[in-house]
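Shown next, in structure tokens, is the structure this report addresses.
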Amino acid sequence: MDHLNYPYSSQRMGVFGKKGMVATSQPLAAEAGLEILKKGGNAVDAAIATAATLTVVEPTANGIGGDAFAIVWLKNHMYGLNSSGPAPQMISIEAVKERGYEKMPVHGMIPVTVPGTPAAWVALSKRFGNLSLKEVLQPAITYAREGYPISPILGKYWEIAYHRFKTSLTTEEFQPWFDTFIPNGKLPKIGEIWRSEAHATTLEKIAESAGESFYRGELAEKIDCFFRKHGGFLRKEDLEQFQPEWVDPISVNYRGYDVWELPPNGQGIVALMALNIVKGFDFSFKDDVETYHKQIEALKLALTDGKTLITDPRYMKTTVEELISETYASKRRELITDRALDPSPYKPKKGGTVYLATADKDGNMVSYIQSNYMGFGSGIVIPGTGIAMQNRGADFSLDFAATNALQPGKKTLHTIIPGFLTKDKEAIGPFGVMGGYMMPQGHLQILMNMIDFHLNPQAALDAPRWQWIEGKKVMVEANFPTHLAQALGRKGHQIQVALDSGGFGRGQIIIRHPHTGVYVGGTESRTDGSIAVW
């Protein structure tokens, strides 16, 4: 990668700009962020505006009741924000099992954890924003109140969720979801207008109270009331106690570039672990069976270890330093042969998602991600508010011995991860790929595409992707080269071709030239991706 000095080629080149840029998965949200930049907002203001608008214009992947993480580059300093919420104080493994569950359910009241998204907006705005939170949330409020036309990929996932929910979510507590997202019993179609006055009013209350209404006031009381009525564990006291955490991002150096992720409880460390493993190999060509084989093997080792070892850092049995050490990378690299392996976890020393990237005229940049998880989340919507609640607690284990075992007040292993790239202490830019456990896999692939194989950001995103599922099973996109898929099969990988690319993640990248300040952005072709530029 040569900091924007990409020769003209047949690859899609991305979008160039100077004064500011917003890249995300929905055009209206990108334009909302650009609108804030033009009003004098900085990259942080633009990120909040885009994120809030995404809760309205892409509710299939995120909402007000979700979690958020951010990496902020502001005035040549880097900051990390973890705004993921813990399990309610009233929940426990015993309490869940008493209700007849042997593993955490995906939908309903039980998997709902404390939402962190509104607190993230408030914390970012208070610390870094140029504009008031009320002004920054206005585009989202307007879209919720006036409505907007359903875009193609959005409409596709809305319909999938509806057909799944109408047969599986049939009890009383799920009715507000249908009232909100299937108004008058009619599924919104692509191109039709959808609006939510309740969502608009809730955003106004969050803006006017700097989040107090959501965590300590009227909205908190409505959440508490609904969970009490339907036997949920979440209470107003859980909301009152929540505070987002400012954290120090962690990094590894990969071929001269520092790759930054947030520390656990997020899985960003998995991408760093995989990069540390693969940097011990030399790669001559991107489209080569040895390249893909080693990528897959490194990632499956790192992700297996991540799923086993990562949780709320207060409960981890190993350290970040150990997992991103050269010792760890060397030991795992030794396991990679010319045949696909079935990985087992590393033994340490004892002891639905949306992504966006923003940039402003002053070189400030934000890598931001928020999610309700698994599409629409828990299927729980608080009546009269538009607040769709996440189901992040579904990832907790009900095995008392597991690292990620459910406990009251504990944060679960979290899939959503923002990324950032620097070189020689100068910002290169934000990147991210959303999509559950595809996220670190996407980070590995797009970073190697740019750094090892010199693809521009758009081409790096457009390139065919693979996804390790479990054991030796690997999914590849339909446009993945057939001869390489066959060659991987001969190495023992169980290759399956996916006819739908929806499961391979949705990425955004913004790269800044350190001398000219020019930005180039790439956006996701697998969704309604868009870059708004100034």
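This chain uses plain numbering: 1 for the first residue, then up along the sequence.
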Looking at [X], I'd like to know if its [atom1] atom is crowded, meaning that more than 12 non-hydrogen atoms belonging to other residues, nucleotides or ligands lie closer than 6.0 Å.
| X | atom1 | answer |
| --- | --- | --- |
| Lys156 | NZ | yes |
| Lys286 | NZ | yes |
| Lys186 | NZ | yes |
| Asp248 | CG | no |
| His163 | NE2 | yes |

Is there a side chain to side chain contact (heavy atoms under 4.5 Å, CB included) between Gln267 and Leu303? Walk through the geometry before answering.
CA-CA 8 Å; Gln267 65 170 340; Leu303 189 51; 3.7 Å; yes

Are [Y] and [X] an aromatic pair, judged by ring center distance below 6.0 Å?
| X | Y | answer |
| --- | --- | --- |
| Trp466 | Phe480 | no |
| His107 | Phe174 | no |
| Trp246 | Phe128 | yes |
| Phe420 | Phe431 | no |

Are any side-chain N or O atoms of Asn391 and backbone N or O atoms of Val106, one a donor and one an acceptor, separated by less than 3.5 Å?
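At least one qualifying donor-acceptor pair exists.
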
Roughly how far, to the nearest 0.5 Å, is the [atom2] atom of [Y] from the [atom1] atom of [X]?
| X | Y | atom1 | atom2 | value |
| --- | --- | --- | --- | --- |
| Thr117 | Phe69 | OG1 | CZ | 9.5 Å |
| Met78 | Thr422 | CE | OG1 | 5.5 Å |
| Ile446 | Asp462 | CD1 | CG | 11.5 Å |
| Leu447 | Leu275 | CG | CG | 6.0 Å |
| Gln445 | Leu299 | CD | CG | 7.5 Å |
| Ile369 | Ile71 | CD1 | CD1 | 10.5 Å |

Which atom names give the shortest non-hydrogen contact between [X] and [Y], and what distance separates them?
| X | Y | value |
| --- | --- | --- |
| Ala30 | Thr24 | N-CG2, 3.7 Å |
| Pro383 | Pro176 | CG-CG, 3.8 Å |
| Asn265 | Ile310 | O-CG2, 3.7 Å |
| Gly522 | Pro457 | N-CB, 4.0 Å |
| Gly63 | Asn372 | N-OD1, 3.2 Å |
| Leu239 | Tyr215 | O-CD2, 3.3 Å |

With side chain to side chain contact (heavy atoms under 4.5 Å, CB included) as the test, pick out the partner of Tyr292 among Leu484, Val474, Val476.
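The single option meeting the side chain to side chain contact (heavy atoms under 4.5 Å, CB included) with Tyr292 is Leu484.
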
Which residue, His443, Met439, Arg506, Gln441, forms the side chain to side chain contact (heavy atoms under 4.5 Å, CB included) with Val433?
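Single side chain to side chain contact (heavy atoms under 4.5 Å, CB included) partner of Val433 among His443, Met439, Arg506, Gln441: His443.
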
Does Ile250 form a side chain to side chain contact (heavy atoms under 4.5 Å, CB included) with Leu262? I'd like the steps, not just the answer.
CA-CA 6 Å; Ile250 57 176; Leu262 294 182; over 6 Å; no

Against the six-membered ring of Tyr373, is Arg392 placed for a cation-pi contact (under 6.0 Å from the centre, within 45° of the normal)?
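Yes, a cation-pi geometry holds between Arg392 and Tyr373.
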
Has Lys307 got its NZ or CZ under 6.0 Å from the middle of the six-membered ring of Tyr437, at an angle within 45 degrees of the ring axis?
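The answer is yes; both the distance and angle limits are met.
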
For the residue pair [Y] / [X], report whether a side-chain donor-acceptor contact shorter than 3.5 Å exists.
| X | Y | answer |
| --- | --- | --- |
| Gln508 | Thr523 | yes |
| Gln138 | Thr142 | yes |
| Glu58 | Ser25 | yes |
| Ser151 | Asp528 | yes |
| Tyr368 | Gln370 | yes |
| Thr412 | Asp395 | no |

Which residues pass the side-chain hydrogen bond (donor to acceptor under 3.5 Å, both in side chains) test with Ser251, not counting sequence neighbours?
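Result, side-chain hydrogen bond (donor to acceptor under 3.5 Å, both in side chains) vs Ser251: none returned.
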
What's the verdict on salt bridge (charged side-chain N to carboxylate O under 4.0 Å, His left out) for Lys411 and Glu245, showing C-alpha distance, side-chain angles and the deciding distance?
CA-CA 12 Å; Lys411 295 185 178 186; Glu245 300 176 68; 2.5 Å; yes

What's the verdict on side chain to side chain contact (heavy atoms under 4.5 Å, CB included) for Tyr254 and Val278, showing C-alpha distance, side-chain angles and the deciding distance?
CA-CA 9 Å; Tyr254 184 75; Val278 296; 3.9 Å; yes

Go through the steps to decide whether Leu203 and Val56 satisfy the test side chain to side chain contact (heavy atoms under 4.5 Å, CB included), and finish with yes or no.
CA-CA 10 Å; Leu203 289 172; Val56 180; 4.1 Å; yes

Is it true that Glu146 and Arg195 have a side-chain N and a carboxylate O under 4.0 angstrom from each other?
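Here Glu146 does not pair with Arg195 in a salt bridge, since their nearest N and O are not under 4.0 Å apart.
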
Between [Y] and [X], is there a side-chain heavy-atom distance shorter than 4.5 Å?
| X | Y | value |
| --- | --- | --- |
| Leu234 | Met389 | yes |
| Tyr143 | Leu28 | yes |
| Ile36 | Pro139 | yes |
| Asn76 | Glu426 | no |
| Leu54 | Leu356 | yes |
| Tyr162 | Pro188 | no |
| Met438 | Arg465 | yes |
| Pro86 | Thr113 | no |

Checking salt bridge (charged side-chain N to carboxylate O under 4.0 Å, His left out) for the pair Glu477/Arg526: CA distance, chi angles, key distance, verdict?
CA-CA 11 Å; Glu477 291 189 282; Arg526 296 166 183 82; 2.8 Å; yes

List the steps and the verdict of salt bridge (charged side-chain N to carboxylate O under 4.0 Å, His left out) for Asp258 and Lys423.
CA-CA 6 Å; Asp258 290 312; Lys423 184 177 175 64; over 6 Å; no

Take the angle between the ring planes of Phe181 and Phe376 and call it parallel below 30°, perpendicular above 60°, tilted in between.
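Rings of Phe181 and Phe376: tilted, as their planes differ by 30° to 60°.
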
Please evaluate residues Glu159 and Lys166 with respect to the criterion salt bridge (charged side-chain N to carboxylate O under 4.0 Å, His left out), reporting the C-alpha separation (whole Å), side-chain torsions for both, the decisive distance (0.1 Å), and the verdict.
CA-CA 11 Å; Glu159 183 173 5; Lys166 73 177 182 179; over 6 Å; no

